[in-house]
Amino acid sequence: MGNYLNELNEQQREAVIHKEGPIMIVAGAGSGKTKVLTTRIAHLMSQHKIDAFNILALTFTNKAAAEMKERVEKILGNSEARNLYIGTFHSVFARMLRAEGPKIGYPNNFTIYDTDDSRSVLKTVINEMNLDDKHYKPSVVHNRISQAKNALVGPAEYQNDYYIQQEDMRSNRPLIGQIYQSYAARCFKNGAMDYDDLLFKMYELLRDFPEVLYKYQHKFKYIMIDEYQDTNAVQYQIIKLLAAVHENIAVVGDDAQSIYSFRGATIENILQFQKDYDDVKVVKLEQNYRSTQSILNVANEVIKNNKGQIPKDLWTENHEGEKIRLVRTMTDNDEGKFVADTIQEQKLRNHFYNRDFAILYRTNAQSRSFEESLRRMGIPYRIYGGVSFYQRKEIKDVLAYLRVIVNTRDEEALKRIINYPVRGIGKTSIEKAVIFANEHNISMWEVLTKAGEFGFKAGALEAISNFVIMIKYFQSMLSSKNAYDVAVQVGKHTNIVKDLFNDKTTEGLARYENIQELFNSIKEWTESPSNDDGELGDKTLGSYLQQITLLTDADDDKENSDVVKLMTIHAAKGLEFACVFVGGIEETLFPSAMSINTREELEEERRLFYVAVTRAKKNLWLTYSNTRYRFGQLVQNEPSRFIEEMPEQYIDRSFAGGGARNQGYNDFGGTSAFDRMSGGSGGWKSNSARVAEKYGPPPTKKETKPAYMPVAPAAPKVVEHQPSADFSASDTTGLQVGQKVEHQKFGFGEVLKMEGSAHNPIATVKFHLNGEKKIMLNYAKLRIVD
DNA sequence: CCGACCCGTTTTTTT
DNA sequence: AACGGGTCGG
């Protein structure tokens with residue numbers, strides 16, 4: 001400790017040591033923004049003896065929060081940092097609402113609804129109003145309500161706002177306001193908040209309860225906000241309230257990286273900041289420490305096409321580096337192969353590790369072709385985002401039990417588990433219970449506890465009674481047992497675990513493993529150290545459930561695991577990688593077809609492009625494909641307009657078509673030299689010989705070809721397998737090691753090993769075609785030979 | 001009350 | 001292409 005200031009440049013230091021009053025740090029990509037915030041926190045604590053309890057730092061991802069905490073701890077060299085209030089907006093407010101919830105009529109153990117829960121409640125409400133959920137689609141209505149909440153518009157204001165009503169009329173959904181009202185009432189009745197409520201209710205709490213406002217205003221003497229350009233109206237108002245007393249607020253942001261306007265974020269908040277406080281200190285961080293000059297120049301040049309950026313003069317002392325490689329392929333699969341091939345090649349040639357690579361894309365659906373190619377090459381990877389672990393069915397089932405135990409008002413969870421596993425409470429009984437609950441304005445749970453008074457049939461009555469007794473039994477454990485012990489009891493007592501264990505299908509096995517993983521993670525959480533602040537240090541089930549809903553699977557990453565990372569560009573913000581591939585640089589995909597209608601939308605896409613490019617430290621590949629599958633249909637896309645906006649001198653287009661050597665560039669990979677080295681795929685492509693002719697022999701170490709040249713495919717002796725006349729993939733549920741199988745392309749073989757998950761059943765098969773080959777594949781395409 | 005089958009939707013991005 | 005919801009038959 002002590003010399004941390006020496007690591008900073010002049011501007012960074014200025015921002016760190018600025019003690020009192022508001023400060024706005026306008027910073028470019030890779031300029032050490034987060035470093036400044038963390039150092040500032042450490043500096044306040046060590047030099048100015050500010051107590052950790054009095055510092056609030058808000059971020060947009062759990063990962064950023066965890067990193068910050070870790071780094072502060074490292075600088076300070078003690079464990080003081082664990083008492084800091086560092087977290088995402090949502091998780092910090094959830095904690096506060098947990099403490100203050102009863103003031104606004106919510107239980108301390110209120111449930112947090114994720115997007116699926118919200119839509120499910122909406123569907124219920126829409127049906128109860130006798131509206132058509134095909135027209136009033138829950139997802140559409142949810143977006144609308146979400147936007148309203150983020151703009152501080154409650155149900156009443158929504159229905160009274162002329163322009164909002166006009167919009168709803170125009171889309172022929174005039175009743176959204178009423179749905180909003182019912183939805184809010186239902187969530188409240190269920191003792192539940194959705195993601196947006198965590199912000200919206202926090203604002204109302206501070207607005208309506210002066211004593212609460214007073215408490216937190218005085219508690220938080222210093223406030224830091226990361227990624228300030230991504231704040232929306234509610235967040236802005238909350239920050240303003242919290243900071244009003246001390247005005248020791250430091251915000252860091254880059255207007256060029258504002259990419260969350262779809263959830264209400266507005267860079268207006270940056271411009272407004274200087275108007276809201278007197279004497280704002282503004283610091284600009286313009287030196288980039290991350291990327292090569294080529295990368296930075298490309299990013300800067302493209303972003304210049306946006307109007308109204310805050311002028312910044314970004315520069316770097318880094319080397320110019322290699323040119324940005326622009327790569328065109330014929331199909332999305334070829335794109336995947338190119339990337340996997342190039343990763344393999346770069347690893348060997350330039351001694352990169354898997355963890356040095358990231359593959360970024362605009363939409364989650366694009367991950368598939370990359371996954372497949374990586375798997376074939378045997379390159380380990382991890383996908384961030386997409387369907388989170390906690391959204392899996394079996395996980396949600398167990399969590400639903402836990403939710404009901406903690407908050408019996410949670411009707412969504414109750415309905416999910418009341419007859420799972422089957423216990424004789426059928427559809428009719430459930431409907432009855434819901435109707436009774438609505439009629440008597442009590443919770444569904446209360447109906448169940450007093451089932452005798454509501455005239456259920458004898459059989460149903462007994463089933464309900466047993467169910468109620470069981471849940472009450474679980475509840476009796478809450479005070480004496482921790483989250484893990486309760487969860488284990490639930491698993492045992494409900495037979496969920498046993499049922500899954502007995503399910504020997506691949507899916508059942510995977511589900512069983514997932515449940516075990518859930519239990520392990522609960523245990524881990526239960527045993528992790530808590531902080532000294534009583535109000536948030538608890539290890540109860542209620543506390544567990546609240547934080548779990550706010551977790552993304554990007555958060556619990558095994559930081560050091562040596563894998564290639566795949567994620568959307570949105571998810572990549574704030575991260576950096578030595579080598580970056582950005583896929584699908586095509587019109588209708590990037591920029592998205594949804595976002596080309598207004599200048600604002602298009603500029604956000606361009607900022608997204610800026611974010612993607614500036615993730616790279618050393619090497620950057622931009623790939624696009626002539627054709628790709630979308631909704632199961634082959635579509636053709638033009639190259640993205642962003643490609644033309646890049647300055648020529650930093651671009652290597654030698655694999656982007658146009659030149660003679662690129663004609664018919666349609667088969668990368670599958671048969672590269674590295675395939676054989678890695679025991680991967682290869683050898684069956686009929687046209688690889690042709691391609692090899694065009695590109696010459698595979699590179700050797702002696703060659704002085706630039707490092708970025710793709711690996712030319714070898715010219716294998718190809719024998720095409722002729723599938724049996726009646727070939728069709730069989731039901732492979734019973735597939736076993738040793739089984740003889742046929743594959744349409746690879747021919748006959750024998751199963752060596754089986755692994756993977758239900759979604760990705762992987763078998764290693766030894767095929768006999770073209771000599772023995774071991775291939776890992778998703779075995780859905782196999783025929784069992786008897 | 002469960003499975004098999006059919007049909008419609010999905011893909012912009014996230015807490 | 002793949003998943004979820006709905007329907008129908010056993």
Side-chain angles (χ1 to χ4, degrees), chain A residues 58-65 87-94 112-120 123 133-134 137-140 142-143 146 149-150 193-200 227 230-232 234-235 258-265 332 360-369 372 384-388 390-391 393 419-429 546-555 567-574 584 588-596 601 604-605 607-609 611-612 628-635 758-760 778 780-781:
Chain A
L58 297 172
T59 65
F60 275 83
T61 65
N62 287 300
K63 198 179 171 193
T88 64
F89 281 85
H90 290 84
S91 66
V92 166
F93 296 162
I112 298 174
Y113 280 161
D114 65 18
T115 310
D116 289 339
D117 295 323
S118 300
R119 288 185 186 166
S120 164
K123 195 174 176 188
D133 62 22
K134 295 261 155 55
K137 281 188 199 157
S139 56
V140 171
H142 184 239
N143 281 341
S146 176
K149 284 182 184 171
N150 283 317
M193 296 197 200
D194 65 16
Y195 287 139
D196 305 313
D197 285 333
L198 293 176
L199 309 178
F200 192 55
E227 310 278 14
D230 287 332
T231 53
N232 61 29
V234 210
Q235 289 164 326
S258 167
I259 54 175
Y260 280 104
S261 74
F262 68 91
R263 62 180 189 201
D332 42 359
L360 309 182
Y361 34 79
R362 179 67 180 85
T363 67
N364 281 306
Q366 284 167 261
S367 67
R368 176 158 302 165
S369 60
E372 267 167 27
Y384 292 81
V387 179
S388 134
Y390 298 100
Q391 283 172 5
K393 219 178 297 172
N419 201 32
Y420 173 82
V422 181
R423 54 172 66 87
I425 307 179
K427 218 166 88 185
T428 334
S429 303
Q546 285 187 341
Q547 57 99 39
I548 213 73
T549 320
L550 299 173
L551 232 49
T552 335
D553 62 3
D555 299 326
M567 65 188 89
T568 63
I569 300 164
H570 281 89
K573 195 163 71 143
T588 76
L589 196 58
F590 194 15
S592 160
M594 320 285 289
S595 306
I596 49 173
E601 286 172 344
E604 176 140 327
E605 294 288 308
R607 290 193 292 270
L608 200 52
F609 186 79
V611 169
R628 74 172 59 239
Y629 278 94
R630 221 175 180 191
F631 305 133
Q633 276 206 314
L634 199 62
V635 293
H759 270 285
N760 264 328
N778 184 313
K781 300 272 157 63

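Letters go in sequence order (proteins before strands), and every chain restarts at 1.
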request  = Answer yes or no: does a side-chain N or O of A/Asn364 lie under 4.0 Å from OP1 or OP2 of B/dT14?
outcome  = yes

request  = Send over the distance from A/Ile259 CD1 to B/dT15 P, rounded to a whole Å.
outcome  = 11 Å

task = Could you work out which one of B/dT13, B/dT15, B/dC2 sits closest to the side chain of A/Val422?
result = B/dC2

Beyond-backbone contact of A/Leu198 with A/Phe89, side-chain heavy atoms, under 4.5 angstrom = no

query = On DNA chain B, nearest-nucleotide positions of A/Ala365 versus A/Tyr195: which is more 5'?
reply = A/Ala365

inquiry  = I want to verify a distance call: between B/dT15, B/dT11, C/dG6, whose nearest atom is closest to the A/Lys123 side chain?
reply    = C/dG6

ask   = Which one, B/dT15, C/dA2, B/dT13, comes nearest to the side chain of A/Thr363?
value = B/dT13

ask   = Rounded to the nearest Å, what distance is computed from the CD atom of residue A/Gln633 to the C1' atom of nucleotide C/dA2?
value = 14 Å

task = Taking A/Asp197 for its side chain and A/Phe200 for its backbone only, find out whether a donor-acceptor pair lies under 3.5 Å.
result = no

request  = Determine: side-chain N/O of A/Lys427 to OP1/OP2 of C/dT7, distance under 4.0 Å, yes or no.
outcome  = no

A/Gln366 side chain vs A/Thr363 backbone, donor-acceptor pair below 3.5 Å = yes

remark   = Which of B/dT13, C/dG6, B/dT15 is nearest the side chain of A/His570? It is B/dT13

Shorter than 3.5 Å, N or O on both sides, protein versus nucleotides 8-10 of chain B: list them out with atom names.
none

request  = Look at atom CZ of A/Phe262 and say whether more than 12 heavy atoms of other residues, nucleotides or ligands are closer to it than 6.0 Å.
outcome  = yes

query = With sugar-phosphate meaning primed atoms plus P, OP1 and OP2, does A/Tyr260 contact a base, only sugar-phosphate, or nothing at under 4.0 Å between heavy atoms?
reply = sugar-phosphate

key: Between P of B/dC1 and CZ of A/Arg423, the distance in whole Å   = 12 Å

query = Would you say A/Thr568 reaches B/dT14's phosphate, i.e. side-chain N/O to OP1/OP2 under 4.0 Å?
reply = yes

message = Starting the side chain at C-beta, find the nucleotide from B/dT15, B/dT11, B/dT13 nearest to A/His90.
response = B/dT15

key: Between C1' of B/dT15 and CD of A/Gln547, the distance in whole Å   = 14 Å

query = What integer distance in Å separates A/Tyr384:OH from B/dT14:P?
reply = 15 Å

ask   = Do A/Glu601 and A/Ile596 have side chains that get closer than 4.5 Å, going by heavy atoms?
value = no

ask   = Are side-chain heavy atoms of A/Gln235 and A/Phe60 found at a separation under 4.5 Å?
value = yes

key: 4.5 Å side-chain heavy-atom contact, A/Thr568 and A/Leu360   = no

key: Ring-base stacking, A/Phe60 with B/dT15 (5.5 Å, 30° cut-offs)   = no

Short side-chain N/O contact from A/Asn419 to OP1 or OP2 of B/dC1, under 4.0 Å = yes

query = Over how many whole Å does the gap from A/Leu608 atom CG to B/dT13 atom C1' extend?
reply = 7 Å

